[in-house]
Protein chains: 2
Amino acid sequence: MDGEATGAVEASAPDRVARHLRARITEGRFPPGGHLSEGALGQALGVSRNTLREALRLLCHEGLVVHELHRGFSVRELTVDDVVDLYRSRRLLEGAAARQCAEAPPAARLAVVDAARLGDDEAARDDWEGVQTAIMRFHQAVAGLAGSRRLDESMRQILAELRLAFHALADPDRVLPPFVDRNRVVADLVLAGAGARAERELVAYLDEAERAVLTAFGRRGGTRPVGPTVGADAAG
Amino acid sequence: MDGEATGAVEASAPDRVARHLRARITEGRFPPGGHLSEGALGQALGVSRNTLREALRLLCHEGLVVHELHRGFSVRELTVDDVVDLYRSRRLLEGAAARQCAEAPPAARLAVVDAARLGDDEAARDDWEGVQTAIMRFHQAVAGLAGSRRLDESMRQILAELRLAFHALADPDRVLPPFVDRNRVVADLVLAGAGARAERELVAYLDEAERAVLTAFGRRGGTRPVGPTVGADAAG
DNA sequence: TGCCCCGGATTGTTCAACAATCCGGGCAGC
DNA sequence: GCTGCCCGGATTGTTGAACAATCCGGGGCA
């Protein structure tokens, strides 16, 4: 996704910090609802409070972090409404993109197929984290069928936010496989240029995924009252 | 949209500054390509350079402002590719939203009709700036049919960016009226719940609008080499 | 004319400070 | 013993100054 050489420099400090924190949050190291102390984090990352604030504000704008005046920043905790909203967005965005697949350039369609195949491979070797990533790649590729950088970006943000909910998901080996199979079906339809059918299949897929997340969510993470403050060991 | 009492306080300084600059940029006071000097702006707005930077970074993330390392911030200058990308996004987003209009709550549909009607009124009294705003409201309402806060936000961003191109548009009294009429047609279809036809009509509308912007763009603004630095009189 | 170098100006980042605000704990009163 | 108030420490919001790094324009040199 960010195709630069990424030698860690050649990007402003706030950008680097934001990237770092984004990774930590989406990988679940910083628990949703957890408070992000400026003092502790700044010291742990070796940047000034000002720089850290800029980074946090960015993440805030992306929806991964929440800011309350005079109370500081904390990792966003998705509500049920948020999940519903996110899946509504996905149905519209991915659905519409899939529908137009016949007009998409072949490279974009192949990207969809590749991602689906990758998911199969990872599932075959029981790498469930890899499967998660492949699924993300797949849906990003579906959105990519629309051929718009801005929609790609929107999709990226939606998936990043949604990842906050995925942490509540347990038993990946039981939950994920059906979705991988369905991805293959969608991918084949996309490759064939069957837009309408691809959309229908995809929307059904998303409905089911939404249901799965919502149930796992109600059981586990829905309204955790408060998370611990996250601080020191952030630099890892 | 931001329904607060907006007493100017009760929002952090960077947010206020960002709002201010956003308004200035979208209203065309800061010309696209113009350099945004931190020193001058900060002094003019009466905030520290740090605060100003946070605000600019926000606008950067929204796409209204561009940042080059060690060269600072400048108002974004849209390229032809940008315009194409923006309209591609709009066709997908608004089109898909319109298509589902039958499932949208009545209030959302009425908002579409109201906005279209408002555009008519403003046109009747030759208030072309008002017509512009009404058109924006109309398309925002169309996106609102999807019923997702996040998609609303995406739409808002797209329209804000696109406004950068509208400044190149001259002769509003000759260009705008046909679009106002078309809006009415779309609105009626939406109200009737005729999703498919509404989408077709809307996509045709957007195609034409894109063409209009692109021609006005090639004539006037496409590749202005450089804009003047904008500084002092920003507080107005 | 074309190239190089230099000095001023701007940017990137940090640090220290201060007011405003929030939070938890102790105290008085019932 | 419980409830409500108050206070002090801690955190946040914002500022101003400082310094290195980088860019830009202009003068000198070949």
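All values derive from a computational prediction rather than experimental measurement. Chain letters run A, B, ... following the sequence lines, proteins first, then strands; residues in each count from 1.
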(request) State which residues pass ring pair (Phe, Tyr, Trp, His ring centres under 6.0 Å) with B:Phe179; sequence neighbours excluded, sorted by chain then number. (result)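 For B:Phe179 the ring pair (Phe, Tyr, Trp, His ring centres under 6.0 Å) partners, ignoring immediate neighbours, are B:Tyr205.
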(message) Under the rule for ring pair (Phe, Tyr, Trp, His ring centres under 6.0 Å), what residues qualify as partners of B:Phe73, not counting sequence neighbours?
(response)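 So B:Phe73 forms a ring pair (Phe, Tyr, Trp, His ring centres under 6.0 Å) with B:His67.
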(message) Measuring only between side-chain heavy atoms, which start at C-beta, is B:Leu52 closer than 4.5 Å to B:Leu21?
(response)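 In short, these two side chains touch, coming nearer than 4.5 Å.
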(message) What I'd like to find out is whether the side chain of B:Ser12 reaches to under 4.5 Å of the side chain of A:Arg57, using heavy atoms alone.
(response)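 Yes, close enough: below the 4.5 Å cut-off.
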(message) Reading DNA chain D in the 5' to 3' direction, which nucleotide is the first one with an atom under 4.0 Å from a heavy atom of chain B, and which is the last?
(response)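 Under 4.0 Å from chain B, the extent on DNA chain D is D:dT14 to D:dC24.
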(request) Using a cut-off of strictly less than 4.0 Å between a heavy atom of the residue and any atom of DNA chain D, enumerate the qualifying residues of residues 57-70 of chain B by number. (result)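 Of all residues in residues 57-70 of chain B, the ones placing a heavy atom under 4.0 Å from DNA chain D are B:His70.
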(request) Step through the shown structure and confirm whether more than 12 heavy atoms of other residues, nucleotides or ligands are within 6.0 Å of CD on A:Gln43. (result)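 Atom CD in A:Gln43 is not packed in, count stays at 12 or less.
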(request) Please list, chain by chain and in numerical order, all residues satisfying salt bridge (Lys or Arg N to Asp or Glu O under 4.0 Å) with A:Asp152, sequence neighbours excluded. (result)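 For A:Asp152, no residue satisfies salt bridge (Lys or Arg N to Asp or Glu O under 4.0 Å) once neighbours in sequence are set aside.
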(request) Identify whether the distance between the nearest side-chain nitrogen and carboxylate oxygen of B:Arg91 and B:Glu210 falls below 4.0 Å. (result)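 Here B:Arg91 pairs with B:Glu210 in a salt bridge, since their nearest N and O are under 4.0 Å apart.
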(request) On DNA chain C, check which nucleotide each of A:Arg49 and B:Gly72 is closest to and give me the residue with the more 5' one. (result)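 In this pair, the answer is B:Gly72.
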(message) Using whole Å, what does the distance between atom P of nucleotide C:dT13 and atom CG of A:Leu52 come to?
(response)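 After rounding, the gap between these two atoms is 13 Å.
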(message) Per the ring pair (Phe, Tyr, Trp, His ring centres under 6.0 Å) rule, what does the pair list look like for residues 41-60 of chain A, sequence neighbours excluded?
(response)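 Listed by first then second residue: nothing to list.
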(message) Would you say A:Thr51 places a side-chain N or O within less than 4.0 Å of OP1 or OP2 belonging to C:dT14?
(response)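 For A:Thr51, the contact criterion (side-chain N or O under 4.0 Å from OP1 or OP2 of C:dT14) is met.
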